[in-house]
2 protein chains.
Amino acid sequence: MIDDASVLSTAQRLRQEIENDIAAGHLVPGERLDEVSLANRFHVSRTPIREALQQLAMAGMVEIRPRRGAVVASLTPERLYEMFEVMAELEAMCCRLAARRLGPSDAIALERAHRACEAVRQDHDAYYRANEVFHQAIYAASGNVFLEEQARLLQRRLQPYRRLQLRVRNRVQNSFSEHERILAALMAGEGEEAARIMRPHVQVQGERFSDLIASLKLLGAA
Amino acid sequence: MIDDASVLSTAQRLRQEIENDIAAGHLVPGERLDEVSLANRFHVSRTPIREALQQLAMAGMVEIRPRRGAVVASLTPERLYEMFEVMAELEAMCCRLAARRLGPSDAIALERAHRACEAVRQDHDAYYRANEVFHQAIYAASGNVFLEEQARLLQRRLQPYRRLQLRVRNRVQNSFSEHERILAALMAGEGEEAARIMRPHVQVQGERFSDLIASLKLLGAA
DNA sequence: GTACGTTCTCTTGTATACAAGAACGATGAT
DNA sequence: ATCATCGTTCTTGTATACAAGAGAACGTAC
């Protein structure tokens, strides 16, 4: 784990809690974050809540409009596309590095994560979670802790939007076979090849991007 | 500019001020950030100062140790290497995208920034600043605003350490001729070629990395 | 009936007071 | 003389009070 179990300040704990709610879709983009309500909910005063919100603002997960309160950040289609484009490249980079530096424990973790994906291929929600773990195993295998952190951060930030495109036709089966090819390339030390498969695997393009935008608009209507 | 001139909250202004001091080397890695002193200095109470520090912690520029105050973040050599590795890849990505999407105004901005570098080749400090602008012009030319923001963020975060390696022998001349080749490749639409030159241009490797670590240790002694 | 202005309320922004933990120093013992 | 322990002091963490801006609601005028 990256967020070490060491002692966290209250503001940091609160940030994680709120962040989880955003990532889990419990708090939806555009939703207002009332300081008093949050303070009541967590049994603290507004002061640490405000500190947590400032942190979330820096993480890009909430937007603070001076004197007008904080809302869960909502991304425009353009920005969403841009973020997926960067995510794809970060993951491709992880692949290139991982292939070069793959240690025995990394290989084991990768295989295990892949088998976990296979085991839950029928359950979209479970696959979604296992998929996340598989990708994180690749980040870790890059051997670059900073890169790993950045990748996880962006992954988390995109999570609310990924949820929207869970049940696209055949997506799980395609995803799994792409994983298989990525894993094979990594094990063979073919970093460039793994990266080449990873990029379109991550990046939401063409038809899939249209689907995502459609669900976004649906969300906006709610 | 990315930080739009729109209304900023006090905490955000304070963050920028402190951030500037860190980037400028006025506050050095490891230095303690006393809340009361900062509050006095900026004529505000500790509350907005604390909010600014939380933001800086998320940006990775300060480290907050619960109950023990905030210090300017100091990076280990390993982490520094990792960050330069990611920076190199982000800039390479900017090159690839910029070559594909280069608009007329981007081309003009690039040329102008390049000529500005040429004009101050004799002055290391001035070159350093002009160099920054040149790189930022490439980020902007990528046409991916999110990528641009991330690149600028990381550039800023590495700034205190780049300062340390200002006066390495022949660095300015080498840097400038690399810029020339990158610019030519971008104008020719050769994104991969530009990226290939950019990577080692940015990444601190081998000898140069040792130099950087040496200056780091010097700094630690002070 | 609609649009604009005024007032009232609700929320955010900031300072300050108080509590509690950490660092530092002093005093004593071995 | 050195180390440990206790106490003091300084700093951080949190709540709360107060100020001020934003938004809503109501009333009035056209």
Side-chain angles (χ1 to χ4, degrees), chain A residues 3-22 26-74 220, chain B residues 3-22 26-74 220:
Chain A
D3 274 323
D4 202 357
S6 64
V7 197
L8 295 176
S9 74
T10 306
Q12 278 166 359
R13 273 194 310 103
L14 292 171
R15 170 178 60 76
Q16 285 192 347
E17 294 270 4
I18 300 169
E19 199 179 302
N20 286 340
D21 276 359
I22 294 173
H26 208 202
L27 293 168
V28 298
E31 188 166 345
R32 191 118 187 303
L33 294 169
D34 182 65
E35 296 178 1
V36 177
S37 313
L38 288 170
N40 290 336
R41 177 171 154 211
F42 293 112
H43 306 290
V44 294
S45 76
R46 282 171 50 221
T47 309
I49 292 289
R50 283 180 59 86
E51 290 179 357
L53 289 178
Q54 300 282 352
Q55 289 182 43
L56 287 165
M58 284 301 284
M61 304 204 57
V62 315
E63 197 181 329
I64 296 180
R65 302 157 307 173
R67 290 258 170 218
R68 303 182 55 211
V71 296
V72 178
S74 58
Chain B
D3 273 325
D4 202 357
S6 64
V7 197
L8 295 176
S9 74
T10 307
Q12 279 167 357
R13 272 193 310 104
L14 291 171
R15 170 178 60 77
Q16 285 192 346
E17 294 269 4
I18 300 170
E19 199 179 302
N20 286 340
D21 276 358
I22 294 173
H26 207 205
L27 292 168
V28 297
E31 188 166 346
R32 190 118 186 304
L33 294 168
D34 182 66
E35 296 179 0
V36 177
S37 314
L38 288 170
N40 290 337
R41 178 170 153 213
F42 292 111
H43 306 288
V44 294
S45 76
R46 282 172 50 222
T47 309
I49 291 289
R50 282 179 60 85
E51 290 179 356
L53 289 177
Q54 299 283 353
Q55 289 183 44
L56 286 165
M58 283 301 284
M61 304 203 58
V62 315
E63 198 179 329
I64 296 179
R65 302 157 307 173
R67 290 260 169 215
R68 303 184 56 211
V71 296
V72 178
S74 57

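Labels below follow one simple rule: chain letters A, B, ... track the order of the sequence lines, proteins then strands, and each chain is numbered from 1.
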Worksheet item: Looking at residues at least two apart in the chain, or sitting in another chain, which of them share a side chain to side chain donor-acceptor pair (under 3.5 Å) with A:Ser45?
Response: none
Discussion item. Tell me every residue that passes side chain to side chain contact (heavy atoms under 4.5 Å, CB included) with A:Ala59, counting only those two or more places apart in sequence or in another chain.
Written reply: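 Here the qualifying residues are A:Met61, B:Met58.
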Where is the tightest heavy-atom contact between [X] and [Y], given as atom of each residue plus distance?
{"X": "B:Arg15", "Y": "B:Ala52", "value": "N-CB, 3.7 Å"}
{"X": "B:Thr10", "Y": "B:Pro48", "value": "CG2-CB, 4.4 Å"}
{"X": "A:Glu35", "Y": "A:Ile49", "value": "O-CG2, 4.1 Å"}
{"X": "B:Ser74", "Y": "B:Gly30", "value": "CB-N, 4.0 Å"}

Discussion item. Can you pull out the residues from residues 53-61 of chain A that lie within a 4.0 Å heavy-atom distance of DNA chain D?
Written reply: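 Hits under 4.0 Å, by residue number: none.
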Which value, rounded to the nearest 0.5 Å, describes the distance between [X] atom [atom1] and [Y] atom [atom2]?
{"X": "B:Leu56", "Y": "B:Ile64", "atom1": "CG", "atom2": "CD1", "answer": "8.0 Å"}
{"X": "A:Glu19", "Y": "A:Arg13", "atom1": "CD", "atom2": "CZ", "answer": "14.0 Å"}
{"X": "A:Ser37", "Y": "A:Arg32", "atom1": "OG", "atom2": "CZ", "answer": "8.5 Å"}
{"X": "A:Leu33", "Y": "A:Ile22", "atom1": "CG", "atom2": "CD1", "answer": "6.0 Å"}

Worksheet item: Contact class for B:Ser9 vs. all strands (heavy atom < 4.0 Å): base, sugar-phosphate, or nothing?
Response: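 Since no nucleic acid heavy atom lies under 4.0 Å of B:Ser9, the category is nothing.
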What nitrogen or oxygen pairs link the protein and nucleotides 15-17 of chain D at under 3.5 Å?
unit_1	atom_1	unit_2	atom_2	d
D:dA15	OP2	A:Ser45	N	2.4
D:dA15	OP2	A:Ser45	OG	2.8
D:dA15	N7	A:Thr47	OG1	2.9
D:dT16	O4	A:Thr47	OG1	3.3

Fill in: Near-strand residues of residues 30-40 of chain B, defined as heavy-atom separation under 4.0 angstrom from DNA chain C
none
Protein-nucleotides 21-23 of chain D N/O pairs under 3.5 Å:
unit_1	atom_1	unit_2	atom_2	d
D:dG23	OP1	A:Arg68	NE	2.5
D:dG23	OP1	A:Arg68	NH2	3.0

Item to complete: Give a yes-or-no answer on whether the side chains of A:Gln55 and B:Gln54 include a donor-acceptor pair shorter than 3.5 Å.
Response: yes
Discussion item. Please determine whether the number of non-hydrogen atoms from other residues, nucleotides or ligands lying under 6.0 Å from atom CD of A:Glu63 exceeds 12.
Written reply: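 Atom CD in A:Glu63 is not crowded, with 12 or fewer foreign heavy atoms closer than 6.0 Å.
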Expressed as a whole number of angstroms, how long is the span from [X]:[atom1] to [N]:[atom2]?
{"X": "A:Arg65", "N": "C:dT12", "atom1": "CZ", "atom2": "P", "answer": "10 Å"}
{"X": "B:Ile49", "N": "D:dT12", "atom1": "CD1", "atom2": "P", "answer": "11 Å"}
{"X": "B:Ile64", "N": "D:dT14", "atom1": "CD1", "atom2": "P", "answer": "12 Å"}

Worksheet item: Hey, is B:Asp21 close enough to B:Arg41 for a salt bridge, meaning N to O under 4.0 Å?
Response: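 A salt bridge is present here (some side-chain N lies under 4.0 Å from a carboxylate O).
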